[in-house]
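Down below is the structure, laid out as structure tokens.
Just so we're on the same page: letters track the sequence lines, and every chain starts at 1. Being a predicted model, the structure only gives us computed values, none of them experimental.
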Protein chains: 2
Amino acid sequence: MSIPHGLLALLDQRPMYGYQLRAEFERATGATWPLNIGQVYTTLTRLERDGQVVGQATDEEGRQRYEITAVGRETLRTWFTDPVTLGDRPRDELAIKLALAALSPGLDVQAVVQNQRVATMQRLQELTRLKRDAPTPSAEDLAWTLVLDNLRYMAEAELRWLDHCEGALARVRPPTAPPTSDPDPDAASDLATDPTQESLR
Amino acid sequence: MSIPHGLLALLDQRPMYGYQLRAEFERATGATWPLNIGQVYTTLTRLERDGQVVGQATDEEGRQRYEITAVGRETLRTWFTDPVTLGDRPRDELAIKLALAALSPGLDVQAVVQNQRVATMQRLQELTRLKRDAPTPSAEDLAWTLVLDNLRYMAEAELRWLDHCEGALARVRPPTAPPTSDPDPDAASDLATDPTQESLR
DNA sequence: GGTGCCATGTAACGCGTTACATGATTAT
DNA sequence: ATAATCATGTAACGCGTTACATGGCACC
């Protein structure tokens, strides 16, 4: 549902045509998730059918600008107001994969975790490099730098979760020697700082 | 792509029929993302068409069990081996929303951030409550507790990112008095512990 | 005269969701 | 009896992707 709403948000600034919308969308989000141009047109068609936008007459260069309607502005308002909930999100493929891996008898789950850990670590390093090369967000760069930060925060959390998984798996499926009573450094790690204890401001 | 692979992973344990697959899938993942039963059957049909599973003859009670094929096992193997990359993931609606909100002139972005912050905080508290009521993962509960932990880690990261956004937005769009030279507690916070500096094990 | 970018689309397909329909068995 | 659960499906639709097709225009 990001694309229809995203296009509405861009059209709320000024009327635009399809090709332009893709460019603006990718500029706004840092081209992290490239937007297929074909989908822009099909989405615009659906938005027009639903009364969220109206297409203007094609100009002398054959471009057709769309403008947002009052209905579209209302849709946009509620989109910005209503928070994103768990139910809105798609299934996390990695979480499902690891859960099912943990239930697969013949499988080396720890290898799965480690493979993912290397990949996530590399992604985080790449994201950190990008962050380093694009510092001090000015007003126009703010949007995509926030997206970049989001990816970094999520990759970092994923890493910590993978380490947590490694520990939990080792605890339940003893790796080599079962009860050596070795000092497990991850045994009490969990979420170190629990923000739940903060007040809801 | 989680569902086809997930069903394959379950069928790799033993042959099952559709209704059973849904129950097992939800048991494995903690029913976090409820699985529609209709989709199980359509997915099984596609998997059979692609040679990943074969349907057995319906038994005396009218149930049709499916079993995984060699092709399916190979698909499963690469699924577990190949890590999940950024390109595999869908667009993060929240990141896109906030990016576009930051570019919307008339909009109160901070209100958007705060609305989301309250919602995410409540979700994290709910998840923490669930975690508290389901302690010490045994072997069979391990999978879904890991999923639950994943959600907690991600919600916590989302909270931290939202706080980061709040600070970054305040820095670029000065809230009330522009350069009061107040001590900004978030100015240097960023990612406190950068796991990038750890070694790739 | 190609190569590449601008600009607009269509077709085919998979994934995912909601809703609907149909029967059998089981429990109250 | 009837309500819930088991069990299997179909229909319609939206989102998303890849691939393909069509033209104009600029640059070399």
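Residues from residues 27-41 of chain B placing a heavy atom under 4.0 Å of any atom in DNA chain C, listed by number, are B/Asn36, B/Gln39.
Atom pair A/Leu44:CG and D/dC15:C1' shows a separation of 14 Å (rounding to whole Å applied). Rounding to whole angstrom units, CD of residue B/Glu61 and P of C/dG23 are separated by 19 Å. Nucleotide C/dC15 holds its P atom 14 Å from the CG atom of B/Asp88, rounded to whole Å. Counting to the nearest Å, the C1' atom of C/dG16 and the CD atom of B/Glu93 are 15 Å from each other. The CD-P distance, from A/Glu48 to C/dG9, rounds to 10 Å in whole Å. Taking atom CG of residue A/Asp92 and atom P of nucleotide C/dC15, one finds them 18 Å apart after rounding to whole Å. Per the geometry, CG belonging to B/Asp50 stands 7 Å off P belonging to C/dG14, to the nearest Å. One can place CG of A/Asp59 at 13 Å from C1' of D/dG24, the figure rounded to the nearest angstrom.
Stem regions annotated for DNA chain C: C:1-28 with D:1-28, counting only runs of 3 or more consecutive pairs of Watson-Crick or G-U type with both contacts under 3.5 Å.
Panel note: side chain A/Glu48, backbone A/Gly55; a donor-acceptor pair is recorded below 3.5 Å.
Residue contacts shown for A/Arg49 are limited to sugar-phosphate atoms, with no base heavy atom under 4.0 Å away. Across all strands, A/Arg46 comes closer than 4.0 Å to base atoms (heavy-atom distances). Heavy atoms of B/Gln64 sit under 4.0 angstrom from primed sugar atoms or phosphate atoms, though from no base atom.
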Contact list (N/O, under 3.5 angstrom) for nucleotides 4-6 of chain D vs protein:
from  : atom 1 : to      : atom 2 : distance (Å)
D/dC6 : OP2    : B/Tyr19 : OH     : 2.9

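For B/Arg91, taking side-chain heavy atoms from C-beta onward, the closest of the listed nucleotides C/dG16, D/dT17, D/dG14 is D/dT17.
The two residues B/Ala168 and A/Leu142 have their closest heavy-atom pair at CB-CD1, 4.2 Å.
Between B/Met16 and B/Leu11, the closest side-chain pair of non-hydrogen atoms falls below 4.5 Å. In this structure, the side chains of B/Leu35 and A/Arg91 come closer than 4.5 Å at one or more pairs of heavy atoms.
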query = Does the pair B/Arg123 and B/Glu126 meet the rule for a salt bridge (charged side-chain N to carboxylate O under 4.0 Å, His left out), with working shown?
reply = CA-CA 5 Å; B/Arg123 190 174 73 219; B/Glu126 168 73 7; over 6 Å; no
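Shown here is B/Arg27, whose CZ atom has no more than 12 heavy atoms of other residues, nucleotides or ligands within 6.0 Å.
Side-chain contact, B/Trp79 with A/Glu93: a donor N or O sits under 3.5 Å from an acceptor N or O.
A salt bridge does not link B/Arg160 with B/Asp163: none of the charged nitrogens is closer than 4.0 Å to a carboxylate oxygen. Salt bridge B/Glu156/B/Lys131: absent, no basic N to carboxylate O contact under 4.0 Å.
Relative ring orientation between B/Tyr153 and A/His164 is described as tilted, the plane-to-plane angle lying within the 30° to 60° band.
Shown are B/Ile96, B/Leu94, B/Leu100, B/Asp92; of these, the side chain to side chain contact (heavy atoms under 4.5 Å, CB included) with A/Ser2 is made only by B/Ile96.
Annotation: the span from B/Thr128 atom OG1 to B/Asp133 atom CG amounts to 11.0 Å, rounded to 0.5 Å.
The residue among A/Pro4 and B/Tyr66 whose nearest nucleotide of DNA chain D lies closer to the 5′ end is B/Tyr66.
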